[in-house]
Amino acid sequence: FAALYPLISAAFALCMVVLVTVIGERWGTRIGGLVGTIPSLLLIALIFIGLDNGPESAASSASIVILEMGANITFLSLYLLTIHRGIIQALIASMSVWALISYLILVTGGFGIAGNSLLYFLMLITNLALLKNIGISSTPIKIKYSLKELSFRGILGGTAIGSAVFLSKIGGPVIGGIFAVFPAIFLSTMIIYSLKHDIGVPRAMGKSMTLGSLNVFSYALTASLTFPVWGIWLGTVSSLSASIITSLLLLRFTKRNLR
């Protein structure tokens, strides 16, 4: 399984990056951001970790994922707040903070399911407050797509995820949890949108993705609770069900409350 894990994850990432950016441009950042946080890559990561090391190890990684999503949305917020200074400066600032938070998670090993969940929600509330003046939209963006452009989007995302997945195989559950949700899709989506559109588009997409991180949280929380009891496959089904319900609730919430 170890040899197939990075390849399958990279292939999924390639498809997801293309899908997320195209949906965001065709149907607006409200839907695009939620699609971008569908935990498809996490699903694959936890299955492979479970098959290689057992469901308990996958559950431990899922618990770390809860806290690591706080690092990911902090990365997004800092990128969005500094993008006016240029893409390179924004990437350096946001990835540096992501690396620092991830290092602290690695050193501490997390704080259990309850502690990780509490810290995630504190970071979610803080980051949404920082992004309160940014709106999201259902308005499509008119654009023509070339095969070259779509290929670039896919290769960028696939390469980033493939590298992250390879690193996750080197360590234990904590490193596995950190790199299982390495923000490659966030990163590649922001770079693509920043290069292609004015500053308002990546900001709107990023805010939608920040709120959509609840999809990943619900998946990781359910997985951390069900994998040791129900096993990999039933745990995956239950986690995916929880994420789908969360997505539908978020879609309804954003339609009513965010424009």
Side-chain angles (χ1 to χ4, degrees), residues 1-2 5 8-9 12 16 34-74 101-102 104-128 161 164-165 168-169 171-183 185-186 209-253:
F1 296 118
Y5 181 19
I8 294 176
S9 298
F12 261 76
M16 282 300 296
L34 295 180
V35 171
T37 51
I38 292 174
S40 55
L41 299 177
L42 175 60
L43 182 152
I44 299 170
L46 293 182
I47 286 177
F48 272 90
I49 291 173
L51 290 175
D52 282 346
N53 304 311
E56 290 78 13
S57 179
S60 297
S61 292
S63 176
I64 293 298
V65 164
I66 295 172
L67 186 53
E68 185 61 24
M69 281 308 297
N72 288 357
I73 58 178
T74 301
I101 297 175
S102 297
L104 292 175
I105 293 173
L106 178 62
V107 171
T108 61
F111 304 94
I113 297 173
N116 292 346
S117 298
L118 176 61
L119 288 172
Y120 162 76
F121 275 107
L122 288 175
M123 286 188 275
L124 176 64
I125 293 169
T126 300
N127 284 297
L128 286 176
I161 271 288
V165 166
S168 74
K169 296 299 297 179
V174 175
I175 293 180
I178 290 173
F179 285 104
V181 286
F182 177 80
I185 289 183
F186 287 1
M209 283 182 156
T210 298
L211 188 60
S213 68
L214 284 165
N215 294 338
V216 181
F217 167 79
S218 63
Y219 188 99
L221 177 63
T222 306
S224 64
L225 295 172
T226 60
F227 271 44
V229 180
W230 294 347
I232 298 171
W233 302 112
L234 189 55
T236 296
V237 172
S238 61
S239 301
L240 186 58
S241 299
S243 181
I244 291 172
I245 292 172
T246 303
S247 297
L248 293 174
L249 292 174
L250 285 174
L251 193 61
R252 184 166 183 165
F253 172 79

Contact summary for [X] and [Y], nearest pair of heavy atoms:
{"X": "Met69", "Y": "Ser213", "result": "CE-CB, 3.6 Å"}
{"X": "Ser238", "Y": "Gly235", "result": "OG-O, 2.8 Å"}
{"X": "Phe227", "Y": "Ile232", "result": "CZ-O, 3.8 Å"}
{"X": "Ala59", "Y": "Ala223", "result": "CB-O, 4.1 Å"}
{"X": "Thr222", "Y": "Ala242", "result": "OG1-CB, 3.4 Å"}
{"X": "Ala71", "Y": "Ile101", "result": "CB-CG2, 3.6 Å"}

Measuring from [X]:[atom1] to [Y]:[atom2], what's the distance to the nearest 0.5 Å?
{"X": "Ile73", "Y": "Glu68", "atom1": "CD1", "atom2": "CD", "value": "11.0 Å"}
{"X": "Leu67", "Y": "Asn72", "atom1": "CG", "atom2": "CG", "value": "10.5 Å"}
{"X": "Leu249", "Y": "Asn215", "atom1": "CG", "atom2": "CG", "value": "9.5 Å"}
{"X": "Leu118", "Y": "Ile113", "atom1": "CG", "atom2": "CD1", "value": "14.0 Å"}
{"X": "Leu214", "Y": "Leu221", "atom1": "CG", "atom2": "CG", "value": "11.0 Å"}
{"X": "Ile105", "Y": "Phe111", "atom1": "CD1", "atom2": "CZ", "value": "8.5 Å"}

Notebook entry, point to check: Relative to each other, are the rings of Phe121 and Phe217 parallel, tilted or perpendicular (30° and 60° limits)?
Noted result: perpendicular
Check: Under the side chain to side chain contact (heavy atoms under 4.5 Å, CB included) criterion, do Leu128 and Leu211 qualify, and how do the steps go?
Finding: CA-CA 8 Å; Leu128 286 176; Leu211 188 60; 4.1 Å; yes
Checklist line | Donor + acceptor pair across side chains of Thr246, Tyr219 (<3.5 Å) | finding: no
Next item on the list: Could you tell me whether the side chain of Ser63 and the main chain of Ser60 form a donor-acceptor pair under 3.5 Å?
Entry: no
Notebook entry, point to check: Sub-3.5 Å donor-acceptor pair from the side chain of Ser243 to the main-chain atoms of Ser239, do we have one?
Noted result: no
Next item on the list: Would you indicate whether the side-chain heavy atoms of Val65 and Val216 approach each other to under 4.5 Å?
Entry: yes
